[in-house]
Amino acid sequence: MKAGFGYVLLPQPIEEEAHKLLLKNGYEVKVAETPDPEVVAPLMKETSAIILRTGIKITEELLSKAENLLTISRTGGGVDNVDLKSATKHGIIVTSSLGVNTVSVVEHTMALILAVSKCIVLLDSEVRKGNFKIRYKNLPVDICGKTIGIVGFGRIGSGVADKCRYSFNMKVLAYDPFLPSERKREFENWVRFCELDELFGEADIISIHLPLNNQTKGMIDKKYISLMKTGAIIVNTSRGGVINERDLTEALSKKKIAGAGLDVFENEPPDPSNPLLKLDNVVLTPHSAALTKECVRRMAVSAVERVLMVFEGKMPPNIANPEVLNLPKWKHLKR
């Protein structure tokens, strides 16, 4: 154990390259047998840093057991499995790998858009059943020249918009009340920012890119889904709780909209009784948009690098609770 520091706790294993980076710098690493709270709790006391994946939520109960925890570093871009308020109270810096997964999630979003539009999963299933004549039903639709509606125009949302614009000559609508006006002006030549009801009413494809918080939970509900065209599809690669799953399921089952591509769910994994699993106009993936071989390595290495920065007295990027820096214990950090 490096002098002055406890071990780095991994509730779940991380990629070998990232793990070795910690060891190379002289820090002890402890890997929990499972990410269950009852297993992780006894390991919190001597922990100086946690490198966190998605298998556990770091709650007040867990944080209260840590005596010298300095930082929690998320391998992913979101921090919804950390009690930020509690972490700040305990003086713990929370960071994320924001932006590291952008390319991978953009690619996955485009894959879902194409899979749903072209009915790839359904056609594959029918061919395997011997129903080659399914081709004559002309089920797929083109996306070239259609309108894409982006809800949340951050790194990933704007990346999807860019691909749709350049690769498929699509018109772009966007909704993002938090994007500064000066940033919106940078896109004014090819993006029309509008209100959410207008976007849902006009778009042929809607792609969701919002964080999950008190403002966005259940935000996409029957009110907006009912505005969609009957031939429209919706794709979500952000967080499942942003969409009211019951309202979406009803619209899909009654064919009020054409289809959906979902990488995320209200409850993960979804319950076997979830009616979405039985619908043939939905393409489902297991919250895996960022879990490419290349991206998981980038995210893990980035998470380790931020821990090393904190240990070395440097200001890490992507701090999710910047107010914690007002505490005297962090005044020494070098920018």
Side-chain angles (χ1 to χ4, degrees), residues 11-12 35-37 52-59 74-83 96 101 104-117 119-122 125 149-152 154 156-157 160 200 205-226 228 232-292 295-296 299:
Q12 295 166 280
D36 299 312
L52 183 65
R53 295 178 63 187
T54 57
I56 184 174
K57 180 168 184 176
I58 303 300
T59 61
R74 276 281 289 118
T75 57
V79 292
D80 44 295
N81 61 331
V82 180
D83 185 334
S96 74
N101 64 356
S104 302
V105 179
V106 167
E107 288 184 1
H108 196 91
T109 303
M110 294 307 303
L112 285 175
I113 289 173
L114 288 166
V116 177
S117 299
C119 303
I120 297 297
V121 175
L122 175 62
S125 175
I150 307 290
V151 183
I156 296 171
V160 171
F200 269 79
I205 299 167
I206 296 166
S207 191
I208 310 298
H209 303 282
L210 295 171
L212 181 62
N213 53 42
N214 291 334
Q215 288 72 44
T216 63
K217 187 174 183 179
M219 174 176 155
I220 309 303
D221 59 9
K222 190 172 186 176
K223 170 186 173 183
Y224 294 109
I225 295 171
S226 65
M228 293 173 64
I233 69 170
I234 187 167
V235 170
N236 188 11
T237 52
S238 57
R239 289 293 185 268
V242 172
I243 297 180
N244 183 308
E245 218 165 80
R246 181 180 297 179
D247 292 345
L248 176 62
T249 301
E250 180 183 359
L252 289 165
S253 61
K254 294 182 177 179
K255 309 295 183 184
K256 291 181 178 179
I257 61 174
L262 305 175
D263 185 50
V264 288
F265 306 86
E266 284 186 359
N267 297 299
E268 296 182 355
D271 189 276
S273 64
N274 190 322
L276 282 171
L277 304 180
K278 297 177 175 63
L279 299 178
D280 63 7
N281 55 347
V282 186
V283 176
L284 308 172
T285 54
H287 202 155
S288 57
L291 301 184
T292 66
C295 190
V296 292
M299 291 192 296

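Only a predicted model underlies this, so the values are computations on that prediction, with no experimental measurement involved.
Gln12 places a side-chain N or O within donor-acceptor distance of the main-chain N or O of Gly55, the cut-off being under 3.5 Å. Under a 3.5 Å cut-off, the side chain of Asn236 and the backbone N or O of Arg239 do form a donor-acceptor pair. Checking side-chain atoms of Thr216 against main-chain N and O of Met219 turns up no donor-acceptor pair under 3.5 Å.
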Is there a side-chain contact (heavy atoms from CB on, under 4.5 Å) between Leu114 and Ile120? Walk through the geometry before answering.
CA-CA 8 Å; Leu114 288 166; Ile120 297 297; over 6 Å; no
Next item on the list: Determine, step by step, whether Asn244 and Lys222 satisfy the side-chain contact (heavy atoms from CB on, under 4.5 Å) criterion, reporting the C-alpha distance in whole Å, the side-chain angles of both residues, the deciding distance to 0.1 Å, and the verdict.
Entry: CA-CA 8 Å; Asn244 183 308; Lys222 190 172 186 176; over 6 Å; no
Item to complete: Carefully, step by step, assess Thr59 and Asp83 under the rule side chain to side chain donor-acceptor pair (under 3.5 Å).
Response: CA-CA 5 Å; Thr59 61; Asp83 185 334; over 6 Å; no
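The shortest side-chain heavy-atom distance between Lys256 and Glu250 falls under the 4.5 Å cut-off. Under the 4.5 Å side-chain criterion, counting only non-hydrogen atoms from C-beta, Leu279 is in contact with Ser253. Annotation: side chain of Arg74 is in contact with side chain of Asn81 (closest heavy-atom distance under 4.5 Å). Side-chain contact between Val282 and Leu248 is absent, with no heavy atoms from C-beta onward closer than 4.5 Å. A heavy-atom distance below 4.5 Å is found between the side chains of Leu252 and Leu276. For the pair Glu245/Leu262, no side-chain contact is recorded, criterion being any heavy-atom separation below 4.5 Å from C-beta on.
The two atoms that bring Ile156 and His209 nearest to each other are CG2-ND1, 3.4 Å, heavy atoms only. When all heavy atoms of Val242 and Pro211 are compared, the pair lying nearest together is CG2-O, 3.9 Å. Minimum interatomic distance between Ala232 and Ile257 (heavy atoms only, all atoms of both residues): O-CB, 3.7 Å. Residues Asn281 and Ala258 come closest through the heavy atom pair CB-O, 3.4 Å. Here the closest non-hydrogen pair linking Ile56 and Pro11 is CG2-CB, 3.8 Å. Here the closest heavy-atom approach between residue Ile225 and residue Phe200 is recorded as N-CD2, 4.3 Å.
Of the options Ile233, Leu112, Val235, a side chain to side chain contact (heavy atoms under 4.5 Å, CB included) to Ser117 is made by Ile233 and by none of the others. Exactly one residue among Thr109, Asp263, Thr285 makes a side-chain hydrogen bond (donor to acceptor under 3.5 Å, both in side chains) with Thr237. That residue is Thr109.
Here Leu212 contributes atom CG and Ile243 contributes atom CD1; the two are 11.5 Å apart, rounded to the nearest 0.5 Å. A distance of 7.5 Å separates CG in Asp221 from NZ in Lys223, rounded to the nearest 0.5 Å. Thr249 contributes atom OG1, which lies 6.0 Å from atom CG of Asn274 (distance to the nearest 0.5 angstrom). From Ser96, atom OG reaches atom CG of Leu52 across 11.0 Å, with rounding to the nearest 0.5 Å.
For NZ of Lys254, the number of neighbouring non-hydrogen atoms (other residues, nucleotides, ligands) closer than 6.0 Å is 12 at most.
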